[in-house]
2 protein chains.
Amino acid sequence: MALDSASQNQRRSDAPEVVVARLPQYVRILTRLLQEGAEVVSSQQLGEKLQVTPAQIRKDLSYFGRFGKQGRGYSVIHLLERLKLILGLNSFWNVAVVGVGRLGRAILSYPGFTPDGFHIVAAFDSNPDVVGETIAGLTVSSLEELDEVVSSKKISIAIVAVPTEHTQGVVDRLVACGVRAVLNYAPISPQVREGVRVRNIDPVLSLQSMTYYLTDHPVD
Amino acid sequence: MALDSASQNQRRSDAPEVVVARLPQYVRILTRLLQEGAEVVSSQQLGEKLQVTPAQIRKDLSYFGRFGKQGRGYSVIHLLERLKLILGLNSFWNVAVVGVGRLGRAILSYPGFTPDGFHIVAAFDSNPDVVGETIAGLTVSSLEELDEVVSSKKISIAIVAVPTEHTQGVVDRLVACGVRAVLNYAPISPQVREGVRVRNIDPVLSLQSMTYYLTDHPVD
DNA sequence: CCGCATTCGTACTAATTTTCACAAATACCT
DNA sequence: AGGTATTTGTGAAAATTAGTACGAATGCGG
Ligand SMILES: NC(=O)c1ccc[n+]([C@@H]2O[C@H](COP(=O)([O-])OP(=O)(O)OC[C@H]3O[C@@H](n4cnc5c(N)ncnc54)[C@H](O)[C@@H]3O)[C@@H](O)[C@H]2O)c1
Ligand SMILES: NC(=O)c1ccc[n+]([C@@H]2O[C@H](COP(=O)([O-])OP(=O)(O)OC[C@H]3O[C@@H](n4cnc5c(N)ncnc54)[C@H](O)[C@@H]3O)[C@@H](O)[C@H]2O)c1
């Protein structure tokens, strides 16, 4: 008794969502450390880079197993590998972008998704003038092809950048096609059935949560 | 004794940051309700729209005062007014955009900032080919003019969309000019001195925090 | 005008999240 | 090899955040 399967198993169920949300940051720092040639890193050093306490890092990791060595720290390459596995980043996810407007184009030409585990393999727009256009090597498809392409390309993640009023409808269609995670840029929070994940990116809310702390008056 | 200044004062100090971060969402819903002609709203109704418990809404609001009426609810227009005042959204904040690339252009032409309290009044880029260009009615300035423009236009908020490696430098310059809040789009977290606020927008981290829950395997 | 249905504001309780602190393990120095 | 300095992993404590539940108002219907 005592030493059971915890260390070789991911224990997916019982890690709090806040903890899971911090893991990608650990992955990012570790990736950088690996590139810089670091072989080991302590929770202390990691904490300094991330501005969190070393205890929090150790506690977070302990939800998933035991990855460190006392007196030494963590093997950068090994911990990175394990975290990617836990997050499902050991191979690539195919992603669709829906809405090829100003923002959608910036997203399509952003090179930062690929090194971090995401391949943008399809783009959709409802505007016939946009359909057929090629951006960053990808030809924009029409919405009619959505179901077919999502299935054939095994797309389970979508980035949605369409006008607010079309967002819920687009998300509904995507979910019906089998998409299980949505990154939404419109200033609403689309409703989805249980089991589908949504993250919203909303610069206005971010700005408004800062002005509270700007004690002097805004310009008038 | 007993009934003191709490209700007519904002009590800025003691509201937890999580609570402050929810207020902009309340503002957004209330704005919509006002447009729809609603006069009063209960914490119950608000909670349904926001997917939070009515108790949380009442608790959150109670950090700042007493805005409701028993048996009736909250006056939409009155509560909205008060929340905007608390968040410093009663008048406009002038904002600068630094980095007029693909993303910066999308931001400059996004009409969603103005109705919510932010005027983009300046844009800066280091590329001489971009300086002088006019986007969405705004002419791009060179970085030499940064200090002068930030002062003269009373800019205290900046949106930064420059390449990762230039981000920390740009943020440092902005802070030196007097900017006190930064919305950063690069995949790092710029370090700033105490008193300056930063929010990061990082779609990759958002995606990576969802893949954990996508139990079936990514494409390989 | 009275009773009943609402709904707030908040004291209290519960749950969650973070931090502390220490035994156990490891590395390193002499 | 022995001693000292590190550093992990984790129970326990502390702090934060969320939820319950109820008294006190308020409005409404008859
Ligand atoms: N531009 C920004 O910086 C910015 C910032 C914050 C939020 N947003 C939000 O992002 C979304 C897109 O913004 P944008 O500036 O790119 O707008 P845009 O108008 O430039 O582009 C929207 C695109 O979506 C397409 N579209 C419309 N309905 C569609 C549908 N049903 N299915 C597929 N495609 C459809 C349009 O043809 C167009 O190409 C909006 O919701 C906006 O509020 C944008
Ligand atoms: N495009 C996206 O969808 C996207 C998504 C996520 C993150 N980002 C991040 O946003 C930032 C901008 O992305 P982009 O796609 O617009 O890049 P981009 O290369 O198209 O634009 C960057 C702009 O910044 C300017 N610039 C460079 N150094 C500068 C400096 N020191 N001061 C002022 N301006 C400077 C450049 O001249 C250029 O115009 C990057 O950090 C990128 O990682 C972009």
Side-chain angles (χ1 to χ4, degrees), chain A residues 1-11 13-23 25-26 30 33 38-76 78-79 82-83 86 209, chain B residues 2-9 11 13-23 25-26 30 33 38-76 78-79 82-83 86 209:
Chain A
M1 63 311 196
L3 65 144
D4 60 359
S5 65
S7 67
Q8 52 183 327
N9 199 312
Q10 268 110 262
R11 279 193 284 163
S13 43
D14 59 356
E17 197 155 329
V18 272
V19 172
V20 173
R22 278 192 293 263
L23 300 186
Q25 298 187 255
Y26 301 166
L30 289 165
L33 285 170
E39 304 210 333
V40 292
V41 66
S42 66
S43 58
Q44 171 79 49
Q45 296 170 296
L46 238 26
E48 276 162 22
K49 292 190 188 292
L50 286 159
Q51 308 276 53
V52 299
T53 63
Q56 179 158 78
I57 290 170
R58 296 201 299 276
K59 186 62 153 226
D60 283 356
L61 297 178
S62 78
Y63 281 100
F64 305 97
R66 305 157 54 121
F67 309 115
K69 224 175 204 169
Q70 282 111 322
R72 196 163 152 70
Y74 301 88
S75 151
V76 172
H78 179 239
L79 181 58
R82 295 303 304 271
L83 287 180
I86 290 162
S209 73
Chain B
L3 65 144
D4 58 2
S5 64
S7 66
Q8 51 182 327
N9 198 313
R11 280 194 283 163
S13 43
D14 61 355
E17 198 155 328
V18 273
V19 171
V20 174
R22 278 192 294 263
L23 300 187
Q25 299 186 255
Y26 301 165
L30 289 165
L33 285 169
E39 303 211 333
V40 292
V41 66
S42 66
S43 57
Q44 172 78 50
Q45 295 170 296
L46 238 25
E48 275 161 23
K49 292 190 188 290
L50 286 160
Q51 308 275 54
V52 299
T53 62
Q56 178 156 81
I57 290 170
R58 297 202 299 276
K59 191 84 174 303
D60 284 356
L61 297 179
S62 78
Y63 281 102
F64 305 97
R66 304 157 55 120
F67 309 114
K69 224 175 204 168
Q70 282 111 322
R72 194 161 153 70
Y74 302 89
S75 151
V76 172
H78 179 238
L79 181 57
R82 294 302 305 268
L83 288 180
I86 290 163
S209 74

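Keep in mind that the numbers below use all heavy atoms, side chains included, and drop hydrogens, waters and symmetry copies. Note on naming: letters A, B, ... go to the chains in the order of the sequence lines (proteins, then strands), and numbering restarts at 1 for each one.
Taking atom NZ of A/Lys69 as the reference point, atom P of D/dT10 lies 17 Å away to the nearest angstrom. Rounded to an integer number of Å, the gap from NE2 of A/His78 to C1' of D/dT8 is 15 Å. Taking atom CG on A/Leu79 and atom P on D/dG9, their separation rounds to 9 Å, with Å as the unit. Between A/Asp60 atom CG and C/dT17 atom C1' the separation is 10 Å, expressed in whole Å. Remark: C1' of C/dG9 and OH of B/Tyr63 are 13 Å apart, rounded to the nearest angstrom.
Residue-level contact check: B/Arg72 touches the backbone only, with heavy atoms under 4.0 Å from sugar-phosphate atoms and none from bases.
Smallest separation of non-hydrogen atoms from A/Lys59 and A/Ser62: O-OG, 2.7 Å. A pairwise comparison of heavy atoms in B/Val76 and B/Leu30 identifies CG1-O, 3.5 Å as the closest pair. Residues A/Leu83 and A/Tyr26 share a closest heavy-atom pair of CD1-CB, 3.8 Å.
For the pair A/Arg66 and D/dG9, the criterion of a side-chain N or O lying under 4.0 Å from OP1 or OP2 is not met. Dashed line: the shortest gap from a side-chain N or O of B/Thr53 to OP1 or OP2 of D/dG19 is under 4.0 Å. For the OP1/OP2 pair of D/dT7 and a distance below 4.0 Å, the side-chain nitrogens and oxygens of A/Ser43 include no atom meeting the criterion. The phosphate of C/dT18 has OP1 or OP2 within less than 4.0 Å of a side-chain N or O from A/Gln56. Of the side-chain N and O atoms in B/Tyr74, one or more sit less than 4.0 angstrom from OP1 or OP2 of C/dG9.
Nearer to the 5' terminus of DNA chain C, by closest-nucleotide assignment, is the contact made by A/Val52 (compared with the other of A/Gln70 and A/Val52). Residue whose closest nucleotide on DNA chain D sits further toward the 5' end, between A/Gly71 and A/Arg58: A/Gly71.
With distances taken from any side-chain atom of B/Arg22 to the nucleotides D/dA25, C/dA25, D/dA18, the minimum falls on D/dA18. Among C/dC8, D/dG27, C/dC20, the nucleotide with an atom closest to any side-chain atom of A/Ala55 is C/dC20. Among the nucleotides C/dC8, D/dT7, C/dT26, the one closest to the side chain of A/Ser42 is D/dT7. Residue A/Lys59 has its side chain nearest to D/dG11 when only D/dG11, D/dA24, D/dG19 are considered. Looking at the side chain of A/Val18, the nearest of the listed nucleotides C/dT17, C/dA24, D/dT10 is C/dT17.
Side-chain contact between B/Leu33 and B/Lys49: present, with at least one pair of heavy atoms (C-beta onward) separated by less than 4.5 Å. Within the 4.5 Å cutoff, the side chain of A/Phe64 has heavy atoms near those of the A/Val19 side chain.
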